[in-house]
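Step one of this worksheet: look at the structure below.
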Amino acid sequence: MDTLKTNINALTSTDSTKTDSVKKNSNKNTITDKIVATAEDSTFYDAKNNIIYLYGKAKVVYGDREVDAGFIKLDQKNSTIFAKGTVDSLGKFSGLPIFKDPSQGTLTADSVFYNFKTSKGKIYQVYTEQDGGFITGGRIKKQQNNEVHMKRVTYSTCNLPDPHQHFGIIITKGIATEKQIVTGPAYLVIEDVPLPFVLPFGFFPKPNKRVSGVLLPNVGEDARLGFFLKDFGYYVGLNDYWDLTLRGGVYSKGSYETNATSNYTKRYKYNGNLFFSFFSTKSGVEGTPEYENPSKNFNIRWSHTQNPNARPGTNFSASVNAGSSSYFRQSGVQDFAQIAQNTLNSSISYSKTWANSPFNLSTSLSHSQDLTTKQIRLGLPTLNFSMSTINPFDKKDRVGEQKWYQRIAVGYNLNFDNQLETTDSLLFTKEALRKVRTGIQHSIPVSLSSQIFKYFQFSQNVSYNERWYLQTIRKNYILAPTANGTKDSLAIDTIQGFRRASEYSVGTQISTKIYGLVNFKKGKVAAIRHVMTPNVGISYRPDFGQDKYGYYQDVRSNQAGDVQRYSIFENSIYGGPGLGRQAAMTFGLENNIEMKVRNSKDTTNGGVKKIPILQGLNINGNYNFLADSFKLSTLSFSGRTFFTEKLGISFTGVLDPYVYETEEINGVLRGRRLDRYTWQEGSLPRLQNFSFSFDYSLNSSTLGKNNKTNNPPNQNSDLFSRVSPQQAAQLQQISRNANAFVDFNIPWNLSFFYNFNYINTGFEKDVVQTLNANGDFNLTPKWKVQFSSGYDFNSNAISPTSFAIYRDLHCWDLSINWSPFGIYKFYSVNLRVKASILQDLKLSKRTTNAIQRF
């Protein structure tokens with residue numbers, strides 16, 4: 001039968017002979033919107049009863065409401081719609097009714113009865129999903145005031161048609177309002193088994209809003225702290241922009257912890273997260289001071305990122321990681337990367353760039369903390385104002401090439417810094433505040449570059465630096481009494497007052513490129529090319545240690561009579577001008593070697609493929625003509641090389657050109673450098689330090705042509721356009737931090753890192769090498785095992801090792817973490833509900849990532 005389409009213009013009164021369909025009426029039960037009804041298969045109109053029967057992909061649209069189904073009965077006389085699915089000749093059921101209402105979202109059901117005049121309706125065997133929550137089964141009755149009455153429905157985060165197979169909350173009866181769901185008796189069903197835990201009544205957030213709820217705990221044992229029950233708490237969906245997660249934990253040996261995590265975001269503006277944790281650790285046994293006086297430790301982390309398009313020209317960002325020095329070693333943290341870290345660093349910065357202007361402004365608060373020595377360094381604050389290089393003698397409307405004076409470039413840089421260095425125990429004391437150092441530095445570089453003899457780049461430069469300080473130092477020797485008389489003791493006084501220090505230097509540099517090429521007519525290798533970039537420079541700086549400048553003074557010992565020259569700007573932020581004249585020549589050589597290989601299978605680029613053999617082999621050093629001794633510096637080198645396209649090695653080293661002499665004095669071996677070159681004695685420079693490292697990653701998606709990586713989608717994926725705004729925000733978090741998730745779509749993954757370091761001090765040699773490996777593999781499509789381990793060759797011991805087992809339970813996450821040996825032995829078991837977006841992507845959340853949460 002031909003496809004029929006019918007448009008019905010509903011009337012604004014009970015008189016069916018009128019055709020005006022858009023006028024409003026004061027009677028609230030009068031139809032005011034146009035009804036549009038269509039069907040692809042057939043349409044039957046009962047004129048006597050004013051009823052339309054729609055078959056095959058039927059649709060009825062009334063205002064902002066819509067009903068789609070395999071069959072729809074539209075009763076215009078009674079203003080009702082009845083919709084249901086259909087069964088074809090093969091017995092296949094299809095065309096389930098879909099009811100769309102802005103106030104309640106989209107619902108799928110077995111059948112729908114709806115009165116579009118009173119906005120009342122009944123929906124049987126409903127199935128609806130809103131932001132990860134699913135309501136299925138039972139019967140729903142929609143009231144005129146947008147309240148929804150429910151009976152025998154199931155609420156779950158499982159997206160299966162029958163969530164009882166996994167878990168669900170059976171609501172015997174309830175009422176859904178705009179903001180919440182109020183229920184009567186409700187009980188939990190897991191694996192189709194009703195549990196004897198009944199709630200006589202309950203209040204649930206409406207599923208199309210941000211939800212709140214209880215977080216299940218993580219159980220296990222820590223070798224130091226005992227059995228634990230941790231990570232239990234409560235998640236609070238504050239609003240569409242903020243959330244809050246409160247967690248806690250207790251240990252059988254008396255320790256406890258609590259933490260709070262908050263994520264915030266404003267689309268197209270900014271996003272970030274804030275984490276605070278407090279841990280009370282009891283050590284030793286009951287009755288000891290360590291047990292009775294537990295240590296208190298805390299950690300705070302804050303990350304803030306601004307969208308580049310939010311405020312063009314300005315940017316505000318934050319990356320904060322601060323707290324007690326012993327937090328990660330004394331708390332129950334199970335992440336070896338956090339336990340092994342030696343430093344904490346923080347930065348809160350703001351920058352401003354003016355359009356069509358060379359000026360830039362940036363300011364920041366910084367923090368650096370050594371967890372071993374407990375030293376803290378704060379920048380309070382740091383400000384930088386700079387002007388990018390300009391050509392002051394050039395004209396904007398210049399025609400032709402630049403004249404020599406038009407190539408003169410001038411820049412400017414201002415640094416303002418306040419620094420405080422102290423220990424964590426003295427951080428908030430008056431003594432620490434007296435140690436704040438302040439300084440301002442101005443730098444003005446002037447340069448002129450040109451090309452000479454066609455192949456050489458020649459540049460000259462003049463640099464002027466001026467530093468301003470509010471305090472300087474003076475040194476004096478005083479006679480201090482001892483048991484055997486007196487001895488000299490050095491006293492350092494701090495003198496308050498403004499002082500300036502200036503210095504300048506001049507220099508020139510020349511560089512070029514030398515190309516070498518060898519072609520091969522036969523064989524797989526087509527050519528080998530070698531590019532060398534040598535550079536030589538000369539710089540001069542006068543002696544700013546002369547008395548006329550006043551930057552240096554002498555201090556004489558009372559007893560020995562020795563004279564020591566020191567800078568009054570010693571230990572200041574930017575230091576002082578240099579002591580002694582310097583006329584130095586700097587030199588360097590960069591090498592790059594690559595090979596062209598013929599590839600008959602690849603017709604791009606003429607069937608030739610470039611393979612880098614040696615990249616950036618650099619050798620650098622300098623020679624000071626005016627130095628009294630040791631005029632030649634050590635020679636440093638570095639480079640990268642590739643064995644395959646995926647395996648590369650980077651290396652660095654230092655060569656000492658001077659002879660090193662060792663001798664034994666009173667049974668102690670001592671050594672000293674001699675001002676004599678090694679080649680004068682017929683030997684090569686001594687290798688003082690050499691290190692190299694490489695890392696390699698391999699997974700199933702990189703093997704074979706038909707395998708494709710199925711990583712979490714990026715923001716350009718069309719999946720973002722097919723999900724809710726909150727799920728899109730979750731996908732963005734997955735894209736930004738894919739390593740925080742376990743991907744069951746990749747059967748196996750392996751990566752390892754090797755580091756080698758050789759040290760030769762002249763009379764003692766040492767070799768340090770470590771190997772670290774981590775990876776995961778699927779035992780079955782539902783089981784994944786993850787491991788992290790390594791080997792320390794110096795101690796001939798295995799590095800801290802951990803295993804994690806993940807079980808994909810569709811709408812649940814099961815993870816087991818285990819560290820079998822070492823200082824930080826532990827095991828833990830965690831079971832939690834999984835977000836629906838992770839069910840679709842087959843991703844599981846790693847338990848070691850505490851900052852991120854959905």
Side-chain angles (χ1 to χ4, degrees), residues 389 408-413 415 439-449 456-469 472-473 475 499-511 534-555 562-590 618-638 654-660 672-680 685 688-689:
T389 302
I408 296 177
V410 179
Y412 174 74
N413 191 66
N415 289 305
I440 299 176
Q441 178 174 252
H442 307 267
S443 300
I444 304 176
V446 182
S447 62
L448 172 63
S449 61
F456 295 89
Q457 294 294 327
F458 184 68
S459 63
Q460 306 92 48
N461 62 82
V462 177
S463 178
Y464 177 81
N465 293 317
E466 181 164 315
R467 305 175 181 96
W468 296 350
Y469 296 116
T472 55
I473 66 167
K475 293 183 178 181
R499 285 297 300 266
R500 56 176 293 274
S502 61
E503 65 176 339
Y504 62 88
S505 63
V506 296
T508 182
Q509 186 176 21
I510 187 171
S511 65
N535 64 85
V536 178
I538 297 177
S539 62
Y540 173 78
R541 187 199 67 196
D543 181 10
F544 291 98
Q546 300 179 39
D547 292 338
K548 65 179 182 179
Y549 294 106
Y551 303 151
Y552 285 80
Q553 292 188 7
D554 294 331
V555 58
D562 297 334
V563 177
Q564 177 187 359
R565 196 155 182 84
Y566 70 94
S567 171
I568 64 173
F569 304 107
E570 194 174 294
N571 296 326
S572 58
I573 293 179
Y574 305 112
L579 177 66
R581 287 194 305 161
Q582 185 181 70
M585 179 181 68
T586 60
F587 52 88
L589 177 65
E590 180 181 351
N618 302 319
I619 302 175
N620 298 281
N622 65 80
Y623 187 90
N624 186 3
F625 295 96
L626 300 179
D628 296 331
S629 59
F630 300 103
K631 296 182 178 182
L632 179 63
S633 69
T634 56
L635 306 175
S636 61
F637 64 91
S638 63
V654 177
L655 296 172
D656 189 352
Y658 294 98
V659 174
Y660 197 90
R672 62 190 181 113
R673 294 173 78 200
L674 303 179
D675 191 14
R676 186 167 65 251
Y677 299 120
T678 56
W679 52 80
Q680 290 178 323
Q688 181 176 312
N689 177 269

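Computed from heavy atoms alone, side chains included, the values below leave out hydrogens, waters and symmetry copies.
Within the 3.5 Å criterion, the main-chain N or O of Asn622 finds a donor-acceptor partner in the side chain of Ser633. Side-chain atoms of Tyr551 never come within 3.5 Å of backbone atoms of Leu579 as a donor-acceptor pair (strictly under, hydrogens ignored). A donor-acceptor pair under 3.5 Å links the side-chain atoms of Tyr469 to the main chain of Gly575, judged by distance alone.
In terms of the side chain to side chain donor-acceptor pair (under 3.5 Å) criterion, Gln460 has no residue partners (sequence neighbours excluded).
A 4.5 Å side-chain heavy-atom check between His442 and Trp468 finds at least one atom pair inside the cut-off. No side-chain heavy atom of Lys475 sits under 4.5 Å from any side-chain heavy atom of Gln553. Within the 4.5 Å cutoff, the side chain of Tyr677 has no heavy atoms near those of the Pro685 side chain. Counting only heavy atoms from C-beta outward, the side chains of Phe569 and Arg499 approach each other to under 4.5 Å. When side chains are defined from C-beta on, Tyr658 counts as touching Asp675, because their heavy atoms get closer than 4.5 Å. In this structure, Asn465 and Tyr574 have side chains that are not in contact, with every pair of non-hydrogen atoms separated by 4.5 Å or more. Side-chain contact between Tyr464 and Val446 is absent, with no heavy-atom pair separated by less than 4.5 Å.
Taking the six-membered ring for Trp, Tyr566 and Tyr552 have ring centres at least 6.0 Å apart. Aromatic pair Tyr623/Phe625: centroids less than 6.0 angstrom apart.
Contact between Pro577 and Ser502 at its shortest, heavy atoms only, is CG-O, 3.8 Å. Nearest heavy atom pair, residue Asp543 against residue Gly578, reads OD1-O, 4.4 Å. Closest heavy-atom contact between Ser511 and Asn535: CB-CB, 3.8 Å. Taking each heavy atom of Asp656 and Thr678 in turn, the nearest pair found is O-CG2, 4.3 Å.
A salt bridge links Asp547 to Arg565: one of the charged nitrogens lies within less than 4.0 Å of a carboxylate oxygen.
Ring-plane geometry between Tyr504 and Phe544 is classed as perpendicular, the angle between the planes exceeding 60 degrees on a 0 to 90 degree scale with a lower cut at 30.
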